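Everything quoted here is computed from the prediction, not taken from an experiment. The chains referred to below are lettered A, B, ... by the order of the sequence lines, with proteins before strands, and numbering in each begins at 1.
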Number of protein chains: 2
Amino acid sequence: MATIKDIAKQAGVSISTVSYALNGSPKVTNETTERILAIAKELNYIPNAAARSLKTRETKIIGIFLTDFNGAFYGDLLQGTKDFLARKGYELIVCSGKQSHWMLPERMIDGAIILDVTFESEELVRYADRGHKLVVLDRELSHANINQVLLDNKAGATLATEHLIEEGHRKIYAVTGPGSSYDSKQRLQAVMQVVERNAGIELIVMEGDFNKEGGELAAKRIMAESEEGLVSAAVFCFNDEMAIGMFNYLAEYRPDIRIGEHIHIVGFDNMELASYSQPRLTTIDYSKHKWGALAAEQLVKLINGDTVEHERIYVTLLKGKSVGPGN
Amino acid sequence: MATIKDIAKQAGVSISTVSYALNGSPKVTNETTERILAIAKELNYIPNAAARSLKTRETKIIGIFLTDFNGAFYGDLLQGTKDFLARKGYELIVCSGKQSHWMLPERMIDGAIILDVTFESEELVRYADRGHKLVVLDRELSHANINQVLLDNKAGATLATEHLIEEGHRKIYAVTGPGSSYDSKQRLQAVMQVVERNAGIELIVMEGDFNKEGGELAAKRIMAESEEGLVSAAVFCFNDEMAIGMFNYLAEYRPDIRIGEHIHIVGFDNMELASYSQPRLTTIDYSKHKWGALAAEQLVKLINGDTVEHERIYVTLLKGKSVGPGN
DNA sequence: TACAACGATAGAAACGTTTCGATTCGAACA
DNA sequence: TGTTCGAATCGAAACGTTTCTATCGTTGTA
């Protein structure tokens with residue numbers, strides 16, 4: 001492994017000159033630079049990232065932390081983040097799991113985007129206190145070194161709920177995420193506000209888990225509740241995955257129930273999977289690519305010491321065929 | 001940012017003693033170790049990864065390189081890799097895109113798992129020549145520092161093709177991946193072998209792209225070919241994603257065509273998405289978790305200097321409802 | 001009592017860069 | 001011809017660890 005030292009020796013110059021040359025500094029004559037570059041190539045020189053970042057105190061790597069890798073959901077978001085970072089000269093790495101957290105404090109990465117419930121807010125604040133730059137996508141957190149880019153959960157949940165009401169539904173099931181989820185809490189709050197504003201709406205809240213299993217379970221319970229002579233049920237699943245779980249349960253165990261006719265379902269996220277559902281799931285849509293890109297942009301600004309405002313990702317209602325008029 | 005030096009000063013010992021203590025070396029008395037650990041905690045000491053790996057020449061990080069992040073497909077595989085590596089004290093990071101490649105030669109990672117067509121084999125060999133350890137999942141590559149863990153493509157393609165033949169189909173469409181794909185080439189070869197072994201089978205090969213678009217396009221072409229009085233068509237899509245694309249095209253443009261009745265489709269991969277298709281897609285299944293774990297295991301062995309054999313992931317035919325008997 | 005052996009700790013070099021503050025040398029100027 | 005200036009290059013320190021070798025003091029042994 002050739003080092004800068006070997007190049008210096010071969011070229012008959014000092015290591016500082018080699019370093020300047022390799023970094024394209026104008027301090028060095030073009031002539032010398034070229035000679036050094038040629039020798040570097042000849043020796044198969046490759047810089048050592050550890051040495052460089054020990055000195056510069058940066059790695060030009062950004063980490064994004066996800067709760068898990070089962071991210072049919074995250075593809076676009078990651079792509080958006082990566083695209084933006086690439087333009088700014090940063091690398092993106094994707095990490096998951098509590099045991100990966102060390103990369104931030106130990107300075108393996110220059111900053112992090114958090115979409116990962118295994119990070120406790122307290123932990124994040126501790127890192128921010130040490131000067132690490134963070135962008136959180138899944139919680140509210142106020143700190144000079146932390147920026148947040150959040151979904152407009154309330155708008156989304158409001159759109160979804162109002163849609164069900166407009167279609168004439170009077171009894172609404174809300175299948176939430178886990179109680180600890182920020183997004184879920186926000187959505188539930190909005191749902192309750194809508195229900196309050198509209199007289200005569202009955203709201204039944206069921207705690208879900210943001211996974212298919214939660215949707216299946218909720219479907220089962222809803223079916224059990226309306227045992228005889230099913231009254232048209234309207235369900236707002238707080239994410240698409242649970243909605244899909246509900247579709248699955250119904251397809252398997254209750255082929256007599258037709259979605260969009262006997263039961264009405266709205267999701268949240270418009271994940272790719274949702275576009276394959278039969279009938280097409282009605283859901284809350286937003287640009288995941290933009291979300292990722294914006295998060296990256298905010299993080300880079302933080303790292304550069306620019307001031308940043310918290311940002312919000314706007315959402316729209318995407319009407320599929322899974323909601324029909326109530327009776 | 002406290003360093004080992006600060007701890008040494010505070011504790012009144014040398015930095016070497018601190019280093020030993022922090023690493024739990026038996027050279028240091030328990031008493032001293034405890035005192036040092038206490039001071040380290042008090043000073044909020046966190047080791048510097050760059051300094052450590054400059055010295056030790058390792059980072060304890062493994063990278064897995066994917067062609068893109070749209071990996072509904074990869075979740076289980078990544079989980080398998082991560083689980084195994086965690087047990088061995090390694091971190092997993094996921095990377096994508098040509099501009100990430102530097103992490104390997106610049107020693108930001110101790111080894112890499114490659115499932116990424118943007119890595120050219122020549123490039124990989126160059127790295128292996130420099131001593132980097134690699135496991136490839138998407139090509140055959142012979143090198144002391146490279147191990148391969150490949151799908152049993154031929155077995156899978158054979159199973160799929162024979163299944164169609166057994167069901168009585170005589171005209172088989174094969175929708176391949178891009179011509180450059182190793183997996184695709186292997187599968188096609190096996191298909192052709194099966195066709196050769198069975199008299200009277202007509203094989204039509206269409207080049208696809210492993211994406212939904214390719215499946216849609218193929219569906220369109222197949223429909224166009226069999227314009228009038230559709231003869232029962234049997235299609236082997238070389239991956240599920242194209243099969244799903246085909247489902248989509250048919251659902252949208254040819255609701256008169258029933259899958260499993262007028263057209264018969266086999267996929268490859270058994271991705272999660274496939275389990276939601278209507279009717280359930282018949283496909284080639286294998287354990288992605290095991291694939292990822294095995295790749296990780298081989299890589300760790302390579303890094304430890306153990307000798308390793310190339311491995312193969314076995315596949316099975318998963319019968320859904322997308323293939324029915326031919327006429 | 002003297003010495004070997006050993007356990008605990010200290011010292012220092014090394015890993016491969018970057019970068020600040022010299023130094024050198026030739027050209028331009030007075 | 002001597003001085004100054006600037007461009008090109010050099011030297012050395014520093015980043016924060018790990019680890020080899022040296023030192024020191026104590027204990028056990030002859």
Side-chain angles (χ1 to χ4, degrees), chain A residues 1-37 39-40 43-61 89 102-110 130-131, chain B residues 1-37 39-40 43-61 89 102-110 130-131:
Chain A
M1 298 299 99
T3 73
I4 225 178
K5 234 181 236 173
D6 302 314
I7 301 177
K9 195 175 294 173
Q10 179 104 2
V13 297
S14 72
I15 62 163
S16 47
T17 303
V18 175
S19 176
Y20 287 131
L22 290 175
N23 291 310
S25 158
K27 294 176 148 194
V28 183
T29 356
N30 285 339
E31 202 183 2
T32 322
T33 300
E34 270 169 38
R35 191 158 49 91
I36 289 175
L37 257 38
I39 293 174
L43 295 182
N44 273 318
Y45 170 75
I46 293 197
N48 180 305
R52 191 198 311 117
S53 68
L54 173 59
K55 193 65 188 152
T56 62
R57 310 171 141 278
E58 60 178 23
T59 59
K60 287 292 176 184
I61 300 176
W102 65 269
M103 297 211 199
L104 184 62
E106 300 197 9
R107 315 196 87 93
M108 194 89 262
I109 56 180
D110 290 348
R130 291 181 73 95
Chain B
M1 300 300 99
T3 73
I4 226 179
K5 233 182 238 172
D6 302 314
I7 302 177
K9 195 176 294 174
Q10 179 104 3
V13 299
S14 72
I15 61 163
S16 46
T17 304
V18 175
S19 176
Y20 287 131
L22 290 174
N23 291 311
S25 159
K27 295 177 147 194
V28 183
T29 0
N30 284 341
E31 202 183 1
T32 321
T33 299
E34 271 170 36
R35 191 158 50 90
I36 288 175
L37 255 39
I39 293 174
L43 295 182
N44 273 317
Y45 169 75
I46 293 196
N48 180 306
R52 191 197 311 116
S53 67
L54 173 58
K55 193 64 190 155
T56 62
R57 309 172 142 278
E58 61 178 22
T59 59
K60 287 290 177 186
I61 300 176
W102 64 270
M103 296 210 195
L104 183 62
E106 300 197 11
R107 316 195 86 92
M108 193 90 263
I109 55 180
D110 291 348
R130 289 181 73 95

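Between B/T59 and B/R107, the shortest heavy-atom contact is CG2-O, 3.4 Å. Closest approach of B/A2 and B/Y45 over heavy atoms only: O-CD1, 3.3 Å.
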Between side-chain atoms of residues 5-13 of chain A and protein atoms elsewhere (two or more places apart, or another chain), which donor-acceptor pairs fall under 3.5 Å?
unit_1	atom_1	unit_2	atom_2	d
A/D6	OD2	A/T3	N	2.7

Just list the side-chain donor-acceptor pairs under 3.5 Å for residues 18-31 of chain A, sequence neighbours left out, or say none.
unit_1	atom_1	unit_2	atom_2	d
A/N23	ND2	A/S19	O	3.0
A/S25	OG	A/K27	N	3.0
A/T29	OG1	A/T32	OG1	2.9

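Within the nucleic acid shown, A/T29 comes within 4.0 Å of sugar-phosphate atoms alone, with no base atom in reach, counting heavy atoms only. Within 4.0 Å (heavy atoms only), B/T3 reaches sugar-phosphate atoms of the nucleic acid but no base atom.
Checking A/T56 against A/S53 by side-chain atom types alone, no donor-acceptor pair falls below 3.5 Å.
At a non-hydrogen distance threshold of 4.0 Å, B/G12, B/V13, B/S14, B/S16, B/T17 from residues 11-18 of chain B come into contact with DNA chain C. Taking a 4.0 Å limit (strictly below) on heavy-atom distances, residues 46-58 of chain A reaches DNA chain D at A/L54, A/K55, A/R57.
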Exercise for the section: Apply the test side-chain contact (heavy atoms from CB on, under 4.5 Å) to residues B/N44 and B/M1: give CA-CA distance (whole Å), side-chain angles for both, the deciding distance (0.1 Å), then the verdict. Expected result: CA-CA 8 Å; B/N44 273 317; B/M1 300 300 99; over 6 Å; no
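To the nearest 0.5 Å, the span separating CD1 on A/I61 from CE on B/M103 amounts to 4.0 Å. Summarising the geometry, atom CE belonging to A/M108 is positioned 14.0 Å from atom NZ belonging to B/K60; distances are rounded to the nearest 0.5 Å. In this structure, A/L54 CG and B/K55 NZ are separated by 12.0 Å, a value rounded to the nearest 0.5 Å.
Taking atom OH of residue A/Y20 and atom C1' of nucleotide C/dA22, one finds them 11 Å apart after rounding to whole Å.
Side-chain atoms of B/E106 and A/N48, non-hydrogen and from C-beta on, never get closer than 4.5 Å to each other.
Taking 4.0 Å as the cut-off between side-chain N and carboxylate O, A/R52 and A/E58 do not count as a salt-bridged pair.
Chain B approaches DNA chain D over the interval D/dG16 to D/dC20, counting the first and last nucleotide 5' to 3' with an atom under 4.0 Å from its heavy atoms.
If one axis is set at each end of the helix from C/dT1-D/dA30 to C/dA30-D/dT1 from five pairs, those axes are 70° apart, to 10°.
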